[in-house]
Amino acid sequence: MTKTPDNKNIAVDSQISLKGLVKAIFNDTIHVQIGGKVITIPIADLKGNKLGNNL
């Protein structure tokens, strides 16, 4: 007799905190340097966060 695997979905919704240097702020994006990389974060993604309420 073979067992069929359980179809259980695992969802993770967590936040992480990263510290970086803000390099530039434009109308709809923020450019942040973390380590040796500059990443672009859309301001729309920050809505609902503490930072998004201050923009």
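Here I34 contributes atom CD1 and I39 contributes atom CD1; the two are 4.0 Å apart, rounded to the nearest 0.5 Å. Rounded to the nearest 0.5 Å, atoms CD1 (I43) and CD1 (I30) are 4.5 Å apart. Rounded to the nearest 0.5 Å, atoms CD (Q33) and NZ (K23) are 4.5 Å apart.
Hydrophobic clustering places I41 together with V22 (ILVMFWY residues linked when any side-chain heavy atoms are closer than 4.5 Å, directly or through intermediates).
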